[in-house]
Every structure is written in structure tokens, then in C-alpha cells.
Amino acid sequence: MFRWAKGYAYTGKRLFEKTVTIQYPQQKPKIPEGWRGRHYFYPDRCTACDACARVCPTEVITVVSHRDPETKKKILDDYTIEFERCILCGYCEEACPVDAIKMGDVYELASYAREQEFMTQEKMLPPGYSTDVVVHGQGEAYRGGDYRTKPEKKVNH
Amino acid sequence: MALRTEELTFSLGPQHPSTHGVFRAMVTIDGERVVHVDPVIGYLHRGTEKIAEWKTYPQIIPYTDRMDYLSAMLNNYCHVGAVEKLLGLEIPEHAEYIRIIVMELNRIASHLVWWGTFLLDLGAMSPFLYAFKDRQVILDLLEEISGARLTYSYMRIGGVKRDATQEWLRRVDDFMDEMVKNIQGYNNLVTGNEIFQSRVKNVGVYDEAFAKRWGLSGACLRCTGNSYDVRKSDPYSLYPKFDFEIPTRTSGDVWARYIIRIEEMLQSIRIVKQAIRNLPDGPFMGKAPRNIRPPKGEVYFHIESPRGDMGCYIVSDGSDHPYRWHWRAPEFANLAAFPAITEGVNIADMIAILGAIDIVLGGVDR
Amino acid sequence: MLLNLTGLLTAPFTWLNLLWMFVEVLVMLVIILIYVMAALYGERKILGHIQLRPGPNRTGPGGVLQPVADVIKLLFKEDVIPAEADVAVFKIAPVIAFVPSFMTFAVAPWAPNVLFTDLNVGVLYFTAVTGITTIGIVSGGWSSGSKYPLLGGMRGAAQLISYELPLVMSILGVVLMAGTANMAGIVEAQQKWWFFFPQILGFVAFFISVSAEMNRTPFDLPEGESEIVAGYHTEYSGFRMALWMLGEYTYIFADGLLCATLFFGGWHGPWLPGWLWLLIKAMIFVFLAIWTRGTLPRMRSDTLMVFAWKFLLPLAMANLIITALVKAAIAGWF
């Protein structure tokens, strides 16, 4: 008959407990290690092996490279991520053999326009890196906007 | 004098506070009594099953996260388990234990969301925030081990993405003790409340035959006395090693479904605690081939999701992507019975019944 | 005395007196508006802390300016009138709902001689005036030309009319004990002890039915957010919406005053001035209403009716009969 009173006791007790809200802009949440935020890209480490582009489920990574005629090694020309379609699964990070792409700790991902969501090497520079390392090779990767200019991708099968 | 009355048809959703997303029901009412309900689904259809035919097997895992987004761990496992069954892979016991820990944690988190939103449907506001406070702790734990809060993509074919640290396991263990107390608090706040009981008892009653006819599973089936739970009935993973019970009730009403889910949380806590205690050493990733190309054939693998019997059906043509990939979403099957249960109840009961089915539109529409 | 309001009505009619009346009403309206803002803030803050969150805390220190911001927002919002609406009724409905809530303050006894109207049938006036709100709710729901508000309005009509009866019945016990229906007279009669103790049954019936009259949890069926979106005020926006809210919060205050007057000795209390005591008692009632909102789920319409007719009404009537018998017996003895 009076079990509802227990509910009042429960809520009444909570009235004097500490609140659990994180006051967001002033108080930032703790980001655990290995968290999957926006990417950091290390152009100096990248060997243009294309592993990240192949493993990406949403096919948002574009790697443009050319082969050095002498050493037969691949040289990175450009690297972009269509971040608006990225689902932050972290597969690229796992696939990369040289740790050139890392999932970072940036979680404030909102922007005012789709174009701003397009990640070029400059935007993905890890903290402490200057823009000197950005590679501008012969080719230029798809830079968002008009999908008709997007290069055809190899389908996985 | 007979009053001339008219039936009224209105649209419940897709933007309605208690349709849990974008579910829509065309409801015909006579006064407060529901005459007919016509569910309309598909507002969240993203064609995951078709997309999956164009993706390699590991690439499908992030897509499964986004189906029943409240139980992403279990979705991951269902897909991964199906592929492993097709490949005949041997999974290290350590990895399997971690999988069970995260799956049961996810089950508790999912039930907490259900508990909060169900009470919100019944007009109680605070339980929602209490549930989310506790769910937050679980999400923080899962975030730490998987790297994301909701779309975990934690399972890998052959193991898991990352190993659990001792410190993490200790914190899970501590939280499980706290969670038992919290559930006791929930019972004090809601379960005993007379108004709540008057809202849920003898509402939306059906019997076992009805449940079987409509293919219901999960708490929607167990409330009729049937103890079908895939973890016991068709054991997968290492569940036979664990000591837990399947809570059942026989009354078949919303109250039974409520109590079953509350007890399931306690059983999940039991499983997690056992898993942490008995966790064997070993690798967290088994020997999986680099390029996963299962042999030609087909496989059906089903697990117990928080909402019922969730299954993944894969037809392989020997390449690295499935020829056909089908998902059995328990909430889809459970929702199908919604019009039949709600015939003749009043509007408030209809909302309670819909809440007790525990739909997640991401899973229903896929 | 400045606040000797009682004499004003009986005083000979002069323009000065009329102006004086107008000023007093204006002062009361301002007090009510300030109270509503405070109640809005208090509700959000208390509810927030019950739910382990701080509540509004961005606008001003501790968020105290939040209700001001809300009011400004509502004032500047577009006043949308649905195409299917019955425009005249749609516009007048929130006014019909709000004005009676404000009219109830005419009989609120703040302190000896500090009340607007020393009406002989003050309690009756109070309950009669609150009954008008039902018309506002029904017409608001009906005139929106939309389905959810219609349902909400009908629910409102059924609920408010059903709970009017036990409410009046439970009040009658107090009236019988005090021997007067004059609000000030009832307070005077509680000089020795509060009516809460002898009228405990009546209080239970009164408290429940008055909560139902207020349209708040667990009786918020006419609004029933999770069922019929926002009930009778689904289609309202801007300042008309604010009027609905104003009416709702004013009713909590008015019912708090009624509760304090009838059962908790009105202005009686040590040390503090009478009006403050009444205010404190009313505010405790407001707090209880907020606490209830943070605790209980909503009732169902059919159990609501059963509860009103089969439990509350008999309870209130039993209380009335017992009160009458005891009073007759005491009168017989002396």
C-alpha cells in the first residue's frame, strides 16, 4: 500500500547528492588511450602502400602516389580523407604498417559546411608538426565538392 | 439516445516522444480505445544487408554496429561468430571470455536504456536520468576498451581488437557490485510503486501459443513461461561454462516483461563477475587468416541479444565478400505482433506495450 | 492600513477607490508573475538535483535568469495558428484557462484583514472559479483542429470534472468544522490546532484531488507527453503557450494557498508575520508538487476515473459524515 513512499525516499535522497554532469565546455571529458577520434596523419612516415584505403569500409581515403623510376619505391603525392563520410571505425589505423595514420583525440567534429569536413594533410597534421612535412607531389587527390571529379576506385572484388 | 460516435485515425510518429526513434503507427481509436494499429516502418532503412554484399567480411563489422545501436557488441559478435563458424576458426579462451564480459556489459547498458525510456513512456521522468547515469559508467568502460562509446567495432574475426588490462577488469568488477545496489534502488523507486504496477499489470497479455505464432523471442517470449534463451537453448561461445539462470514469468503481461529484464540485468552481472574471476591467460587474438575467404557454403549463427533471438545468415561464394548476408533482427519480429497485442487496449496501454517490446529502430529497419 | 483591502469593496464608489483597486490587482499580478518565474526556476533546479544534474546554470549566476530568458523567447516566438483551428476560440482558450487561476487570489487570506475580498462563501468561490479552467482546456483542445489536442481536451474535461467532486466533498469537512465558508473565518477557527489532524482523511482526499486538478504528475493525462504529445496545448506556441504555463503554475500556488488555509492554519505561526507563514506553507506545497513530478509515473485514464469515483469520493463523503456526526455529538454534549 505504501511502497510508493520508498520512491519518494529515493528521489528525496538524490536531491542532496552530488550532481554527475560534466560541465562540458569548461570541463572536458577524459579521453582514454586508444580512443577513436579524428585522424592524425604523418606524411613523413607514409609509404603510400594504400593499405588504409583498401581496408576502409566507407572508401573515404584517397592515396595518390607515383613510383620512383630508379628505386621502384612508391612516393606519396597526396593524401585526403572525406571525413564527412568517415565512420571512425579505426581500421585504417590498424591496417597501417608504419603508423602513419593514427586515430586522434579530437572529438569536436562539427563544422559549418561540408567542405570543412574534408580532411587534407594540413588539417590532419599531428600536434607539434609543421606544415613543412606536407607532401605536394605530382598528383592531387580528390578534394571534395564535385563528385564527378572523384577518381574511380578499384572495387574490392 | 444513442450518441453518434466516430472513429479517429491519427498518426503516432514518426516524430512522437515515445516511439523510440522513427517508428510510425497509424492508430485508429474509438474514444480512448485502440481499434486498429497499422505499423509503418522503414524510416531508418539504410540497406545494410545489401551494402554488406559489397564489403569484405571484416569491413561489415562497423556496419553491424549501426543496426541495433544499443547492443553493438552483440551485433559485432553475431556477425563475427557466423564468419568464424563458416571458417571453422578456433578462438582463444581468453578472447572468448573478454567477449562475454563486454557483451554482458553491453546487455546491461541496453537494458538500462530500455528501463529509462520505458518509464519515460509511462510518464516518470527521473528513472531515465538514473539509468543513464549508470549506463554512462558502462559506456566509459567500453569506450576505454574499444575506443568508441556506441559503435564499438570491437570484435575481430578470430578474437578481439584489444586486450583488457587488469585495472580495467578490476573496475568492471567494482562497478558490478555497485550496479547490484543500483538495481535495488531502481526497484525501490519504480518496481514497488502502486501507480506503476497498475499501469503494467494485466496489460498486453498474450499466451505462449500466441508468442510462438508471431515468432517472438527474448523477454517478449519468456514472459509467457517459455524459457527459450539462445544462451541456454542453443549454446554458443563459452556460455555453457557459466552458472546463470534464465528468468521467466508466466503472466504474459507488460509487468512480466519488465521483471524479466530487471532480473536479466542481475544475471548479466553474475556472468560478468564469473568471467572476471575465471579469466584464463592467453592471446586476445587467435590465428585468423589475413585475407578472410571462407569456403563456399552457408551458415546461420544466432545469439541472444538484449531484445531476443538475433541471427546472422551468410551465404559465401568463396570470395572475400558474402554472396548474401541476412540479419534476423529480434525487435523486427517482436514489433510485428504489436498490432495484434494492442487491439482493444487504450492509448496509454498501447504506449506501455510498445515500450515493453523494446524496439530499436536501427535494428528494425536495418 | 495600506493593505486593508477588505474595506475597499464595501467603501463608497469613488474614482480614487477604483484606481486603488486597479493598482492592488496590478501589484498582485506582478507578484504572481514573479512567483511563476521563481517556480519555473525552482522546478527546473529541484528536478535537476533530484535527477543528479545541476539544472539551468548558464544564464546568470546559478541560472537564475533562465525563466527570464524563457519568457523573452516565448514573447518573440511566432504565434502559429493552425489552418484548421477555430481562430476565435483558439485565441481565447488560454485566457479562459488562466484568468480563473488569478481570480482565486481574491479570497486568499494573507493575514487578518489582508485579503482582497472577505467573501462569506470564499471556499465555494474558489472551487467554482477553478471549474472554469476546464472550459478553457476543453475549448483549447477542441479549437486546435488537431487530433492530439482534441484527445487532451477530452481527457482534461473528464478528469477535472471527476475530481471536482471529491475536492468539494473533502473541503466540506473543513467548512463543517469551522462553521463558516469564509476563508479568513476558517483560518481563525484553526487558532488552537490545525484542521490537518482531525481532518486527516479529508486531507488525503483533498491533496490527491487537488493534484489532479493541477494537471500535474501523476495526473498529467491531459498533457501526457509520451502519449498525446502535449495534449491540449500541442498546437500552441509563443505567448499563448506561456499563458497555459502561467495558468498551470499559478494553480499550483493557488492550490498551495488553499491547502495551507484549509488544513495548516493559514497565517498562524510563531515569530514570523502571518503572510510569510502562509507563503512558506504554500511553497512547501509547491515543493511537494515538484517532488512528486520527479518521482511518480503517470496514471492511466480508466484507473484515474475508478480512483476518483470509487475511492476518493467515498473517502471524502465518509470524512464528511464522520465530521458531521462528531460535531453533532459535541454540540449535544455541551
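Numbered from 1 within each chain, the chains take letters A, B, ... in sequence-line order.
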Out of B/P127, B/S198, B/G123, which one racks up the most heavy-atom pairs below 4.5 Å with chain C?
B/G123
Plane angle bin for C/F203 and C/F263 - parallel if under 30°, tilted between 30 and 60°, otherwise perpendicular
perpendicular
Residue C/F307 versus chain B: region with a heavy atom under 4.5 Å
neither
Do B/R261 and B/W115 form a cation-pi contact, if we require the NZ or CZ to be under 6.0 Å from the six-membered ring centre and within 45 degrees of the ring's axis?
no
Hey, what's the ring geometry for B/W214 with B/F210, parallel, tilted or perpendicular (30° and 60° as the breaks)?
tilted
B/F196 portion near chain C, given a 4.5 angstrom heavy-atom threshold
both
Given C/T303, C/L150, C/I50, the one with more heavy-atom pairs under 4.5 angstrom with chain B than any other is C/I50
Side chain, backbone, both or neither of C/L47 within contact of chain B (heavy atoms, under 4.5 Å)
side chain
Heavy-atom distance under 4.5 Å to chain C: side chain of B/V203, backbone, both or neither?
side chain
Let's test your reading of the structure: which of B/D349, B/T9, B/L189, B/L120 forms the most heavy-atom pairs below 4.5 Å with chain C?
B/D349
Check this for me, if you would: do B/R33 and B/D30 make a salt bridge, where the nitrogen-to-carboxylate-oxygen distance has to be below 4.0 angstrom?
yes
Rounded distance [0.5 Å steps], OH in C/Y163 versus OG in C/S211
9.5 Å
Can you classify the ring geometry of B/Y258 versus B/W255 as parallel (below 30°), tilted (30 to 60°) or perpendicular (above 60°)?
parallel
Strictly below 4.0 Å, N to O, side chains only: are C/E223 and C/R216 in salt-bridge contact?
no
Bottom line for B/I29: the part with an atom under 4.5 Å from chain C's heavy atoms is side chain
Pick from C/R298, C/R155, C/R53: which one has the most heavy-atom pairs with chain B under 4.5 Å?
C/R298
